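Owing to the predicted nature of the structure, the values given are computational and were not obtained by experimental measurement.
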Amino acid sequence: MRIPLSWLREYVDLPATETGRDVQARLVAAGLEVETVEQLGDGLKGPLVVGQVLTIEELEGFKKPIRFCTVDVGAANGSGDPQEIVCGARNFAVGDKVVVVLPGAELPGGFAISARKTYGRTSHGMICSSDELGMGDDGTKGIIVLPPETEVGKDAIELLELVDEVLDIAVTANRGDCLSLRGVARETAIAYGLPLRDPALLDVPGPNAHGYPVRVSDPIGCDRFTARTVTGLSPEARSPIWLRRRLQKVGMRPISLAVDITNYVMMELGQPLHAYDRSLVQGTVGVRRATEGEKLTTLDGVERALHTEDLVITDERGPIGLAGIMGGADTEIADDAGRATTGVVIEAAHFDAVSVARSARRHKLSSEASRRFERGVDPQAAAAAAQRTVDLLVLLAGGTAEAGVTEISAPSAPHTISVPADHPDKVAGVTYGRETVVRRLQQIGCDVYGQDELIVTVPSWRPDLAEANDLAEEVIRLEGYENLPSTLPRPRSGHGLTARQRLHRRVGRALAGAGYVEALSYPFLGEQVFDQLLLADDDPARRVVRLVNPLNDEEPALRTTMLPGLLAALRRNDGRGSHDLALFETGLVFHPRAERTVAAALPVDRRPTAEEIAALDAALPDQPRHVAVVLAGAREQAGWWGKGRPADWADAIEAARTVAREAGAELIVRGGQYGPWHPGRTAELAVVVDGAERVVGHAGELHPRVLKALGLPDRTCAMEIDLDLVAAAGEDTVRAPRISTFPMATQDVALVVDAAVPHADVEAALREGAGELLESIRLFDVYENGAQLGEGKKSLAYALRFRAADRTLTVDEASAARDAAVALAAERAGAVLRS
Amino acid sequence: MSAPNKSYDPVEVEALKPQEIERMRDEALAAFAAAPSLDALQEAKTAHTGGTSPLALANREIGALPPQAKAAAGKLVGQARGAVNKALAGRQAELEAERDARVLVEEAVDVTLPHDRVPAGARHPLTTLSDRIEDVFVAMGYEVAEGPQAEAEWFNFDALNIGPDHPARGEADTFFVEGPDGSADSGVVLRTHTSPVQIRSLLERELPVYVICPGRVYRTDELDATHTPVFHQVELLAVDEGLTMADLKGTLDHMVQSLFGAGMKTRLRPNFFPFTEPSAEMDMVCYVCRGESVGNPDRPCRTCSSEGWIELGGCGMVNPKVLAACGVDPEKYSGFAFGFGIERMLMFRHNVEDMRDMVEGDVRFTRPFGMEI
């Protein structure tokens with residue numbers, strides 16, 4: 001809400017020295033978020049005067065039409081002679097009153113005016129547009145043409161109220177009352193301890209039987225409807241400058257006198273109004289819900305199919321307005337020459353906030369009126385607002401107020417709240433005392449009775465005050481949030497981070513320690529990426545959760561894999577010149593449940609049952625946490641120490657081992673094939689959870705076709721695993737090993753096996769065969785040489801370390817254990833000891 | 001050489017004459033002193049102390065002497081060999097020291113050479129800042145609570161007193177999740193704040209509840225220098241008997257002191273949120289200028305735009321309606337809550353100028369932040 005300081009001063013006698021910034025500080029402390037204070041006319045310096053165009057000479061031969069004008073500016077130029085001015089605008093004629101800026105003046109933005117040669121003539125000043133004066137949109141996009149009665153030579157800075165300050169307030173959803181000058185003035189008056197001149201305090205004639213006929217069929221949707229009629233409006237009447245200027249300053253565009261007046265009163269009192277062209281309304285005005293199949297073309301020219309819950313204003317023919325949101329085109333006020341409105345029916349009504357909010361949402365139509373009704377309008381202000389509108393139409397448009405006053409109101413009682421007098425003290429942790437509490441509540445317009453238990457009747461303009469805490473807030477904010485003391489509660493002792501939380505941190509640290517840099521990608525993806533990733537048609541990752549309103553239509557789904565986001569980050573880095581890359585990310589992926597349900601709207605007046613909560617959770621996508629890495633370029637840099645080493649499939653798999661190690665889980669690594677990965681360089685990764693083996697993901701080099709499709713560097717590698725599953729496979733507590741201090745015996749064996757036999761199988765056999773004397777086993781060489789070993793064979797060399805807990809092993813014992821190991825490897829994997 | 005005397009023959013042995021022994025000793029000493037290198041010394045050692053060296057041979061002769069002469073000769077040879085060994089050790093030490101000095105100089109390296117074989121990794125500063133904030137509260141006894149990011153509307157809105165028709169619900173810039181069969185209504189959204197975790201905490205935990213809820217949240221803002229549709233929040237919830245706004249203020253003060261240093265404080269300004277009543281906007285003193293740039297054009301502060309305060313986020317006393325929706329008796333319990341964006345805090349705490357830097361995963365941005373923040 002934009003609040004011109006000059007307008008605000010009409011209701012509160014602020015000290016003359018008080019600036020917009022001063023008022024801002026007071027209102028901010030009171031809880032109104034004044035975001036900016038705009039300085040209108042900052043840097044504007046006269047002479048800026050009213051002139052009358054005497055002659056216009058069209059200059060030929062230029063790219064655009066140019067006019068050489070003489071303008072009578074009275075005595076403002078010192079000589080009284082006509083002022084010669086060159087002008088490029090065309091929306092004025094001889095005899096028009098215009099705004100002239102004379103040499104020596106300065107326009108906003110430091111634009112100094114002097115006589116200058118242009119288009120072969122000398123221009124002694126400028127004829128001004130509203131833009132040049134920083135006035136805001138007046139709808140003309142050209143020269144300001146003033147009303148004919150404006151006095152020539154008059155100072156235009158004052159006339160157009162060009163110098164002002166405007167407070168821009170972000171009004172919170174609960175303070176509909178502050179979407180008006182009246183509401184902000186009230187807060188200002190309280191903040192300064194000054195009296196308020198309430199613009200809604202008007203003499204309003206009581207309702208009578210001669211008013212325009214109105215029938216409200218839905219008193220829940222509309223609990224108040226005031227109708228007034230004004231006739232004899234002059235079709236020539238235009239909005240006076242002050243009215244136009246005030247509307248411009250609050251950010252509205254002047255349109256026509258009758259519309260401007262309803263807008264002005266809405267800004268002043270917060271009551272949305274609508275003026276119907278009386279000659280176009282047929283018969284009784286009604287308020288009811290729309291019926292099936294009804295349509296309405298609203299003022300914005302859109303034909304809308306109405307819903308049976310939409311509250312509409314009707315006449316005999318049907319809907320003529322969407323209640324509280326926008327009027328219909330059929331009864332629109334006109335000031336065209338051909339069809340000028342001379343009589344209006346004014347509607348000042350109070351509509352149900354929820355009904356308006358729903359209709360506005362349904363029709364995607366938010367208006368100044370709907371914004372106010374949704375946030376709460378003072379129902380008691382309707383009659384005054386109607387009166388104010390009538391008064392202005394009479395005053396400015398020469399209309400005649402008809403004597404008939406229609407007022408329909410559903411019976412209602414003011415809202416009262418019972419609150420202990422010390423409740424604000426308990427909320428704040430401050431002892432204010434009953435007297436202060438009562439005084440503050442009265443200040444905001446409450447009636448307060450009672451001693452220890454206060455009975456508080458809240459004012460009609462504060463529908464947001466509904467509960468005891470609402471009243472506590474009023475007291476505390478007026479006493480000043482800045483005066484709250486600072487105390488620390490003593491929480492119950494906690495248990496620190498959970499095992500899962502500690503694991504997430506550890507995984508991050510371990511991967512960063514291994515040289516990976518964390519990236520945080522958006523979890524949005526487009527489903528075409530699944531084709532690029534070579535996922536099978538029935539791959540579960542293709543089943544996605546989609547968004548109704550994605551930011552980017554190309555990426556409407558939530559990720560089921562981390563790869564697209566992380567690979568995009570890799571590509572971005574590569575494109576920016578970082579080629580040796582190791583990135584990681586941990587985060588949630590989203591899988592739709594097999595059985596998809598809708599999450600119900602549960603009641604909020606009680607705790608939901610366990611079943612209700614379970615039903616909500618069952619409607620959510622499954623959201624496991626994944627961890628992924630991607631690598632490209634060099635894993636080890638080349639340098640003075642020698643050659644570097646490119647990142648490869650083994651690094652990606654090792655990253656999975658790193659994660660599993662942090663989780664205390666035993667990772668099963670075996671050859672596998674899966675969509676995005678190189679079919680010969682992919683590890684399928686698994687863990688055992690509750691006795692069952694579960695595949696947790698894959699690692700290795702990516703498929704060349706994937707790299708091509710996604711524009712990635714050659715030999716890019718990746719790993720992705722389900723961290724939740726890995727965590728579930730982890731052991732909680734490490735059992736300390738028994739350390740033997742007896743000497744160890746080392747035995748190396750080189751085994752020849754078929755090239756296709758995985759090392760893991762050989763090692764497992766050796767380990768099992770070696771028995772309990774085996775302390776450790778380590779593969780230290782892999783050797784393939786067809787000539788020496790035979791085609792399709794490879795040699796695996798292992799160092800076996802044997803040690804006993806209670807004695808020094810003899811050579812024979814160690815050799816026997818080694819032989820047993822080799823024997824089992826021979827049996828299981830066809831291994832032959834290499835001589 | 002002569003063979004050992006088998007028979008008693010009190011003949012004076014040439015080699016055992018004192019002057020002969022002295023000569024042997026002096027020759028050895030001279031040879032050691034003259035040895036220019038360890039190798040030469042090794043040769044001299046063999047020549048003068050080895051099994052066939054003159055002194056060793058002389059020593060052997062002692063056995064052949066008459067008993068009355070053995071003691072004197074033994075002493076004579078022993079002293080000579082002692083002197084020789086001592087000289088040898090001395091020269092050995094000298095030459096080794098010389099060699100060491102030379103070799104260690106030769107082995108000198110350029111210690112300024114880099115060794116970035118595997119460049120260091122790093123965690124994202126949003127992660128580590130979140131950890132840091134969590135740690136402040138964990139130290140106070142709070143626990144860290146988490147929840148789903150695709151969340152039921154009831155948790156994200158209704159239970160937080162943001163009913164279906166509440167204007168704030170429309171202003172929340174929500175991503176809606178498609179329902180079964182592609183329908184628009186699933187009752188599920190991407191959470192717009194971590195507040196649903198507060199609700200889950202109240203439902204799942206025993207009272208009193210002191211939790212901190214960090215996590216990713218979503219709003220339909222286009223990415224630009226100051227907005228991102230996916231961002232991170234930390235929220236706090238305390239529900240206990242007798243909690244007050246002063247407790248909220250004290251908790252906030254403690255947090256900013258922990259994160260920004262002693263003497264830091266916060267300021268509350270009234271505001272409105274459906275889930276708190278009373279509600280406030282919270283600011284912290286600018287940790288760079290400590291407010292001294294206000295009205296001091298000579299010392300402008302970029303961090304706070306010379307306003308002296310930095311806007312942190314929203315807070316307030318938990319709305320009793322929220323407590324009721326979670327089955328907590330508002331007559332008995334009260335609570336406070338606050339929340340703020342981690343991106344914003346990272347921006348002003350570490351002079352990040354563009355939101356996109358935190359989003360794009362550029363390693364040049366993230367690396368300097370290392371493991372902790």
Check this for me, if you would: do [X] and [Y] make a salt bridge, where the nitrogen-to-carboxylate-oxygen distance has to be below 4.0 angstrom?
| X | Y | answer |
| --- | --- | --- |
| A:Asp617 | B:Arg200 | yes |
| A:Glu482 | B:Arg269 | no |
| B:Glu372 | A:Arg505 | no |
| A:Arg576 | B:Glu360 | yes |

Q: Check each atom of B:Asp221 against the heavy atoms of chain A and say whether the ones under 4.5 Å are side chain, backbone, both or neither.
A: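 Contact with chain A is through the backbone of B:Asp221 alone.
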Q | Toward chain B, the part of A:Val28 with a non-hydrogen atom under 4.5 Å | A |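 Both parts, backbone and side chain.
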**Q.** Atom group of A:Ala29 that falls short of 4.5 Å from chain B, counting heavy atoms
**A.**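 A:Ala29 touches chain B through backbone heavy atoms alone.
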Q | Distance-only donor-acceptor check, side chains B:Thr127 and A:Glu518, under 3.5 Å | A |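 Yes.
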Q: Return yes if a side-chain donor-acceptor contact under 3.5 Å exists between B:Glu146 and A:Gln501, otherwise no.
A: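 Distance-only check passes for B:Glu146 and A:Gln501.
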Q: For this output row, return yes or no: ring centroids of B:Tyr218 and A:Tyr522 closer than 6.0 angstrom.
A: no
Q: Not counting sequence neighbours, which residues clear side chain to side chain contact (heavy atoms under 4.5 Å, CB included) with B:Asp329? List them please.
A: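 With sequence neighbours excluded, B:Asp329 shows a side chain to side chain contact (heavy atoms under 4.5 Å, CB included) to B:Glu331, B:Lys332, given in chain and number order.
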(Q) Going by side chain to side chain contact (heavy atoms under 4.5 Å, CB included), name the residues that satisfy it together with B:Asp110, two or more places apart in sequence or in a different chain. (A)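 Here the qualifying residues are B:Thr112, B:Leu113.
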(Q) Looking at every heavy atom in both B:Trp154 and A:Ala601, which two are closest together, and how far apart are they? (A) CD1-C, 4.2 Å
Q | Check: B:Glu143 side chain, A:Gly496 main-chain N or O, donor-acceptor pair, under 3.5 Å | A | no
Q) Below 4.5 Å, heavy atoms only, C-beta onward: do B:Pro320 and A:Glu467 meet side chain to side chain? A) no
Q: Count the heavy-atom pairs under 4.5 Å between each of A:Ala569, A:Pro485, A:Ala357, A:Ala519 and chain B, then report the option with the highest count.
A: A:Pro485
